[in-house]
**Student:** 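Here it is, the structure, as structure tokens.
Start at 1 with the first residue, then count along the sequence.
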Amino acid sequence: MEKKETITSVTFILSGSLLQMFNGIGNGWISTLTAIFGLILFFMGLSKLKKGIDEKGQAAVKMLIIAAILGLIGLVLDLIPLIGIVASIVFIAAFIVQLIGVIKLKSSESIGESGKSGVTLLLIAMILAIIQSIFGFVPLAGGIIAGIISFIALILVFFGWLKIQDGIIINNS
């Protein structure tokens, strides 16, 4: 049963990641609530995944859980008017912790070679997220470019987590 739960955990993580990233494409309180729901799914998936991988993977997942909690706090703060700057600081902290967690995940043997290539896709998506946030400050065309970059990052996250799931399946066979 643990094997099945480990594989299912990535489905939760994948769904949560995609819903969370929707906040970068959409805007308004509905997209924020969607991202909060996504982070809850992400957190649930990470909690399940942590039980089925090696120690290096568990350390990485702990970092990703901390990042998810920080992201959740940032999203809740973002719903409160005039607290945007505090939310932005929390988002930056969550991003840094998530980056460290994703880099650590690459050293886990439980995800195999396929999973490690998936982690590379996640890292590229995170770099694109940084570029997207910079373009968000550019007037007029910046918003359009940021949306396109955000959509590409969303696709990379999708395929990155699928590759991690494949790696877990192959290593648990």
Side-chain angles (χ1 to χ4, degrees), residues 9-50 57-108 118-162 164:
S9 68
V10 179
T11 305
F12 276 85
I13 293 168
L14 179 58
S15 301
S17 293
L18 295 177
L19 289 171
Q20 176 190 0
M21 289 192 70
F22 178 74
N23 196 36
I25 296 172
N27 58 25
W29 65 273
I30 292 292
S31 64
T32 302
L33 290 178
T34 302
I36 288 171
F37 178 65
L39 272 171
I40 291 168
L41 289 176
F42 187 70
F43 179 79
M44 289 170 52
L46 289 172
S47 297
K48 288 181 181 187
L49 178 64
K50 193 168 99 173
Q58 288 176 2
V61 169
K62 284 179 188 175
M63 297 295 290
L64 293 174
I65 288 172
I66 292 168
I69 292 168
L70 287 172
L72 192 57
I73 292 168
L75 285 169
V76 170
L77 289 174
D78 202 30
L79 286 171
I80 303 169
L82 304 174
I83 308 286
I85 189 72
V86 176
S88 296
I89 293 168
V90 174
F91 286 140
I92 291 168
F95 185 84
I96 292 168
V97 173
Q98 184 177 12
L99 183 62
I100 293 168
V102 169
I103 291 169
K104 281 186 172 188
L105 187 59
K106 198 165 188 167
S107 66
S108 173
V119 169
T120 301
L121 292 178
L122 295 178
L123 289 170
I124 293 169
M126 293 181 82
I127 292 167
L128 288 175
I130 293 169
I131 295 168
Q132 173 259 327
S133 66
I134 293 168
F135 271 105
F137 292 114
V138 178
L140 301 174
I144 295 168
I145 295 169
I148 293 167
I149 292 171
S150 195
F151 182 71
I152 293 167
L154 186 133
I155 291 169
L156 289 173
V157 166
F158 178 78
F159 286 109
W161 280 109
L162 280 182
I164 291 170

**Student:** For a side-chain contact (heavy atoms from CB on, under 4.5 Å) with Trp161, tell me which candidate from Leu122, Val119, Leu121 qualifies.
**Tutor:** Leu122
**Student:** Distance check, rounded to the nearest 0.5 Å: Phe43 atom CZ versus Leu72 atom CG?
**Tutor:** 9.0 Å
**Student:** Just wondering, do Leu39 and Phe42 contact through their side chains at under 4.5 Å, heavy atoms?
**Tutor:** yes
**Student:** When rounded to the nearest 0.5 angstrom, what is the spacing between CD1 in Ile155 and OG in Ser150?
**Tutor:** 10.5 Å
**Student:** With a 4.5 Å cut-off on side-chain heavy atoms, are Ile13 and Leu64 touching?
**Tutor:** no
**Student:** Hey, what do you get for CD1 (Ile127) to CG (Leu99), rounding to the nearest 0.5 Å?
**Tutor:** 8.0 Å
**Student:** Mark yes when over 12 heavy atoms from residues, nucleotides or ligands other than Lys106 sit less than 6.0 Å from its NZ; otherwise mark no.
**Tutor:** yes
**Student:** Between Ile145 and Val138, does the side-chain contact (heavy atoms from CB on, under 4.5 Å) criterion hold? Intermediate values first, please.
**Tutor:** CA-CA 9 Å; Ile145 295 169; Val138 178; over 6 Å; no
**Student:** Inspect the surroundings of CD1 in Ile80 and state if more than 12 heavy atoms from other residues, nucleotides or ligands are less than 6.0 Å away.
**Tutor:** yes
**Student:** Looking only at non-hydrogen atoms, find the nearest pair between Leu46 and Val61 and report the distance.
**Tutor:** O-CG1, 3.3 Å
**Student:** Starting at CD1 of Ile65, measure out to CG of Leu70 and round the result to the nearest 0.5 Å.
**Tutor:** 12.5 Å
**Student:** Is there a donor-acceptor pair under 3.5 Å between the side chain of Ser107 and the backbone N or O of Lys104?
**Tutor:** yes
**Student:** Working to the nearest 0.5 angstrom, can you tell me the gap between Ile152 CD1 and Ile131 CD1?
**Tutor:** 10.0 Å
**Student:** Working to the nearest 0.5 angstrom, can you tell me the gap between Met126 CE and Ile96 CD1?
**Tutor:** 9.5 Å
**Student:** Specify the closest pair of heavy atoms between Ser9 and Gly45, including all atoms of both residues, with the distance to one decimal.
**Tutor:** CB-O, 3.2 Å
**Student:** Quick one: are Leu33 and Leu79 in side-chain contact, heavy atoms under 4.5 Å?
**Tutor:** yes
**Student:** Of all heavy-atom pairs between Leu156 and Ala125, which one has the smallest distance, and what is that distance?
**Tutor:** CB-CB, 3.9 Å
**Student:** Are there over 12 heavy-atom neighbours, none belonging to Phe159, within less than 6.0 Å of that residue's CZ?
**Tutor:** no
**Student:** Kindly give the heavy-atom pair with the smallest separation between Ile100 and Met63, and that separation in Å.
**Tutor:** CG2-CE, 3.7 Å
**Student:** Do you know which two heavy atoms are closest between Gly16 and Leu41, and how far apart they sit?
**Tutor:** CA-CB, 3.9 Å
**Student:** Mind listing the closest non-hydrogen atom pair of Ala87 and Gly74 along with its distance?
**Tutor:** CB-O, 3.5 Å
